[in-house]
Amino acid sequence: MAVKKRCIRCLKVVRADGTCQNKNCVLYVPEKEAKKTTKASDSKA
């Protein structure tokens with residue numbers, strides 16, 4: 001059984017890219033922005 005990654009602030013399960021999906025969390029990232037940040041980090045690497 002795989003262990004799911006969780007947010008360090010709210011302890012909810014995070015998305016595949018590691019961003020929090022809980023709208024009440026301080027570290028929440030809207031899904032549209034999450035996709036943009038993923039592409040930006042991939043292009044830099």
Side-chain angles (χ1 to χ4, degrees):
M1 185 168 99
V3 177
K4 296 180 181 178
K5 286 190 143 192
R6 296 192 175 266
C7 176
I8 60 172
R9 298 287 292 175
C10 67
L11 301 177
K12 299 286 183 179
V13 178
V14 296
R15 295 184 191 102
D17 63 354
T19 57
C20 185
Q21 58 188 353
N22 179 12
K23 292 183 181 181
N24 297 325
C25 182
V26 178
L27 300 176
Y28 170 72
V29 178
E31 196 164 352
K32 292 179 184 177
E33 288 183 22
K35 290 180 182 177
K36 289 180 183 176
T37 55
T38 307
K39 290 179 183 176
S41 64
D42 289 343
S43 63
K44 289 180 183 177

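The model shown is predicted, which means the values in this text are computed figures rather than measured ones.
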Requested in this report: First locate atom CZ of R9, then atom CG of N24, and finally report the distance between them rounded to the nearest 0.5 Å.
Outcome: 13.0 Å
Report task. Measure across L11 and R6 and return the closest heavy-atom pair with its distance rounded to 0.1 Å. Result -> O-NH1, 2.9 Å
Query raised in the report: By the rule that ILVMFWY residues connect when side-chain heavy atoms come within less than 4.5 angstrom, directly or transitively, which residues belong alongside L27?
Result: I8
Query raised in the report: If every non-hydrogen atom of R15 is compared with every non-hydrogen atom of E31, which pair is closest and at what distance?
Result: NH2-N, 3.8 Å
Report task. Give the minimum heavy-atom separation between V14 and T19, together with the two atoms involved. Result -> CB-O, 3.5 Å
Query raised in the report: What pair of heavy atoms forms the shortest contact from Q21 to V13, and how long is it?
Result: NE2-O, 3.1 Å
Query - side-chain contact (heavy atoms from CB on, under 4.5 Å) partners of K12, counting only residues at least two apart - result: C10, N22
